[in-house]
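Residue numbering restarts at 1 for every chain, and letters A, B, ... go by the order of the sequence lines.
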Number of protein chains: 2
Amino acid sequence: MQYFFKMPKATRNTPAKTKIYELLLSSELALSHAEIQQRLDFTCDRVTIYRVLDRLLESGQIHKIVNVDGVVKYACCKTCSPVHQHNHIHFSCERCKEVTCLNEVEPVYQIPKNYLVTDVSFTLLGVCPQCR
Amino acid sequence: MQYFFKMPKATRNTPAKTKIYELLLSSELALSHAEIQQRLDFTCDRVTIYRVLDRLLESGQIHKIVNVDGVVKYACCKTCSPVHQHNHIHFSCERCKEVTCLNEVEPVYQIPKNYLVTDVSFTLLGVCPQCR
DNA sequence: TCGCTTAATGCAATTGAGTTGCAAAAATAA
DNA sequence: TTATTTTTGCAACTCAATTGCATTAAGCGA
């Protein structure tokens, strides 16, 4: 009997999980829940999509971005596997509303006194190359 | 008759607007809609608070921060008046959930090629001095 | 100071994202 | 194949935010 160590719950590979993960893997952009639902032609229940996204977040396969307009987007982080590391900048286009990971740009900041920094959320806002 | 120039809509000073603005002015922290409602002892209708916040945002007297947990907060930007400029870092404490403007810390970044950057949203996540 | 115009307010109803409970279906290990 | 447990789909629910509309009140001009 194990009292102090809780086994991580086993997760299963299901068509929904595979399809959603592959969709995010192949997408250049971060996708919202609604966009994922559309691209799957509404073959998955909306609740299932939320739960699959939670599992993928939990396992570190994807990351979550809360855009400045409040829209939540999900993306596979290509450059930082296998250990997840979201220390990169996102770009949010105010015209097409698309959110992209700028993997090549690293954020620089001075750590303020007495604050303990564990993570960074850095989004540049403006107009993307396609919309200029 | 003016065809091409639309007069900006006149706004009025009301007790609600004054109270909400003074509340944000005197607060060290960014406040959410719910927090504002509480601190006004529920004397204002929640819809009125939303509409006053919209007007204050419109006039540039306050700015809006969408926290990583999705909670929207509002703050007066003390250092950048009269011209509003939100080019500063926010700190979001994962324990007490408070969001602070770190006016003294300026974000540094390389502008990515072909992107037009008009604004910056930079939040450091972690533990604030009070919670360490 | 008084009226008039129009912005602001309060209330009710609505929208939309996200969550929860539960029974049925399906993935995996034995 | 069977048994176990996760995952799914559906319905119902929560909560933040928005909209419509009638009423109230700010503030300008007379």
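- Regarding B/Leu56, its CG atom lies at a distance of 17 Å from the P atom of C/dA7, rounded to whole Å.
- Put simply, B/Thr14 has no side-chain N or O that comes within less than 4.0 Å of OP1 or OP2 on C/dA7.
- When each of B/Arg46 and A/Gly70 is assigned the nucleotide of DNA chain C bearing its nearest heavy atom, the one mapping closer to the 5' terminus is B/Arg46.
- The shortest distance between the side-chain N/O atoms of A/Thr48 and the OP1/OP2 oxygens of D/dG9 is below 4.0 Å.
- In this structure, A/Lys17 atom NZ and D/dT8 atom P are separated by 9 Å, rounded to whole Å.
- What separates CD1 of B/Ile49 from P of C/dA8 is a distance of 16 Å, to the nearest Å.
- Among the protein residues, A/Arg55 comes within range of the sugar-phosphate backbone only, with heavy atoms under 4.0 Å from sugar or phosphate atoms but none that close to a base.
- With rounding to whole Å, B/Asp54 atom CG is found 12 Å from C/dT9 atom P.
- Side-chain N or O atoms of A/His33 include one that pairs as donor or acceptor with a backbone N or O of A/Arg46 at under 3.5 Å.
- Below the 3.5 angstrom threshold, one finds a donor paired with an acceptor across the side chain of A/Arg51 and the base of D/dG9.
- In this structure, A/Asp45 places its CG atom 17 Å from P of C/dG21, rounding to the nearest Å.
- Using modelled atom types, one side-chain atom of B/Asp45 and one backbone atom of B/Val47 make a donor-acceptor pair closer than 3.5 Å.
- Using a 4.0 Å heavy-atom cutoff across all strands shown, A/Ala34 reaches no nucleic acid atom at all.
- The minimum heavy-atom distance linking B/Pro129 with A/Tyr115 is given by the pair CD-CE2, 3.4 Å.
- Under the 3.5 Å distance criterion, the side-chain polar atoms of A/Ser26 are matched with a main-chain donor or acceptor of A/Glu22.
- If you take CG of A/Leu53 and P of D/dT8, they are 11 Å apart, rounded to a whole angstrom.
- The interatomic distance linking B/Gln37 (CD) with C/dG10 (P) rounds to 11 Å, in whole Å.
- Comparing D/dA26, C/dT28, C/dT9 by their closest approach to the side chain of A/Arg12 singles out C/dT28.
- DNA chain D is contacted by both B/Val47 and A/Thr43; A/Thr43 maps to the nucleotide lying nearer its 5′ end (nearest heavy atom per residue).
- In this structure, B/Tyr50 places its OH atom 15 Å from P of C/dT9, rounding to the nearest Å.
- No donor-acceptor pair closer than 3.5 Å links the side chain of B/Asp41 to the backbone N or O of B/Thr43.
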